[in-house]
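All remarks here apply to the structure that follows.
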Amino acid sequence: MVGISIIILENSQESASIPETRNRYRAMMPCQIPCHDGGMEFIALEQAQGLTDFDIERIAALHRALAPSAHAYDIIHTHCVIVARLALSVARADGLTHPDGTPLDERLLALGGMVHDIGTYQLIKSDGAHEGDSGDGDAAGQNSDGAQGSAVPEPLRFKHSKYIQHGLRGYKLLKACGFGEDLAQFARNHTGIGLTAQMVKDQKLPLPVADYVPVTVEQELVMYADKFHTKSDPAEFVGYDRCIRRAAKHGEANAQGMRDLIERFGMPPIEQAAQEYGMVLR
């Protein structure tokens, strides 16, 4: 993991810019947007208090160091940036604070959003690489299985049988790279609307029996924002009805929990976000 830490510093100026990534998505997919927006302003990442350009580039460099292809980087890193921005937007619009009245840490919130899915790179089945498209560590034109890339690659796909582990894997990865517990927990505690030890046991999930639930308002906001955008290929924004349907796959109690979160926080600015990124919202 020391090698990754070195790459973070050396490659921090080489990461693809957010506008470049947006343009790639606009070329891939026309924008189709139903009306499910909560009327919030979609906050730019750079507006987070205390967040620096170095913070943004350092996390982008970590994504690039882990990504087996530029395509995988585009989808996963862009998803993480979008989740960070949606979480910031909800925090600002609702004027949220900690229970003791102290303000939220916007820098930590933004960083947490940007790293919450960092563990998914370890669970890629097909990296969607085009010919000549590779990550920092791979030979050009090869995907995560070592096969040669092609003009018509398979889409980005994950190992679904182990996907539930991506939060814990991300937590361990961030700790190994020298990040603190406060940041690493964003990866650990964002899956679903929170996994309890009882749920892990009852569902026989391939995880150590423990609680994987948000323990701060910042973590809860990232968990919440994550439910409104996908890492499908191409990526999409998720409207209210679809969000509830997705939650209901894990039981009515889970669906009601999602409704309660929406009632508490309000719908994030997914219409604005879909327009800006040129992605489908459905």
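Take R264 and apply the side-chain hydrogen bond (donor to acceptor under 3.5 Å, both in side chains) test, not counting sequence neighbours, and it matches E220. In terms of the salt bridge (Lys or Arg N to Asp or Glu O under 4.0 Å) criterion, residue partners of R259 (sequence neighbours excluded) are, by chain and number, E252. Partners of K231 under the salt bridge (Lys or Arg N to Asp or Glu O under 4.0 Å) rule, at least two apart in sequence or in another chain, are D117. Legend: residues meeting salt bridge (Lys or Arg N to Asp or Glu O under 4.0 Å) with R246, ordered by chain and number and at least two apart, are absent. Taking the ring-ring contact (aromatic ring centres under 6.0 Å, His included) definition, one finds that Y212 meets it with nothing, sequence neighbours left out. For T230, the side-chain hydrogen bond (donor to acceptor under 3.5 Å, both in side chains) partners at least two apart in sequence or on another chain are S232. Every residue two or more places apart in sequence or in another chain that forms a side-chain hydrogen bond (donor to acceptor under 3.5 Å, both in side chains) with D260 is listed here: Q256. Among residues two or more places apart in sequence or in another chain, the side-chain hydrogen bond (donor to acceptor under 3.5 Å, both in side chains) test is passed with H98 by T102, E218.
Applying the salt bridge (Lys or Arg N to Asp or Glu O under 4.0 Å) test to residues at least two apart or on different chains, the pairs with a partner in residues 89-106 are R92-E106. Annotation: salt bridge (Lys or Arg N to Asp or Glu O under 4.0 Å) contacts involving residues 157-167, sequence neighbours excluded, are absent.
Here the straight-line distance linking atom CD of Q49 with atom CZ of R107 works out to 13.0 Å at 0.5 Å rounding. A distance of 5.5 Å separates OG1 in T120 from OH in Y163, rounded to the nearest 0.5 Å. Taking CG of L45 as the start and CG of L51 as the end, the distance is 5.5 Å to the nearest 0.5 Å. Atom CZ of residue R242 and atom CD1 of residue I244 lie 13.0 Å apart, to the nearest 0.5 angstrom.
In this structure, R282 and F237 have side chains that are not in contact, with every pair of non-hydrogen atoms separated by 4.5 Å or more. Residues V115 and C80 fail the side-chain proximity criterion, which asks for heavy atoms closer than 4.5 Å.
Judged purely by atom type and a 3.5 angstrom limit, S69 uses its side chain to pair as donor or acceptor with the backbone of D127.
Nearest heavy atoms, V222 versus V83: O-CG1, 3.8 Å.
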Item to complete: Mind running side-chain contact (heavy atoms from CB on, under 4.5 Å) on I76 and F158 for me, showing each step along the way?
Response: CA-CA 11 Å; I76 296 172; F158 299 96; 4.0 Å; yes
Practice prompt. Walk me through it: do Q219 and V213 pass the test side-chain contact (heavy atoms from CB on, under 4.5 Å)?
Written response: CA-CA 9 Å; Q219 290 177 31; V213 298; over 6 Å; no
Going by atom type alone, with no hydrogens or angles, which donor-acceptor pairs under 3.5 Å involve a side-chain atom of residues 169-179 and a protein atom two or more places apart or on another chain?
{"from": "R169", "atom 1": "NE", "to": "Q165", "atom 2": "OE1", "distance (Å)": "3.1"}
{"from": "R169", "atom 1": "NH1", "to": "Q122", "atom 2": "OE1", "distance (Å)": "3.4"}
{"from": "R169", "atom 1": "NH2", "to": "Q165", "atom 2": "OE1", "distance (Å)": "3.1"}
{"from": "Y171", "atom 1": "OH", "to": "E181", "atom 2": "OE1", "distance (Å)": "2.8"}
{"from": "Y171", "atom 1": "OH", "to": "E181", "atom 2": "OE2", "distance (Å)": "3.1"}
{"from": "K175", "atom 1": "NZ", "to": "E181", "atom 2": "OE1", "distance (Å)": "3.1"}

Donor-acceptor pairs are to be reported for all side-chain atoms of residues 202-211 against protein atoms at under 3.5 Å, with residues two or more places apart or in another chain.
{"from": "D202", "atom 1": "OD1", "to": "Q198", "atom 2": "NE2", "distance (Å)": "2.8"}
{"from": "D202", "atom 1": "OD2", "to": "Q198", "atom 2": "NE2", "distance (Å)": "3.3"}
{"from": "D211", "atom 1": "OD1", "to": "A197", "atom 2": "N", "distance (Å)": "2.7"}

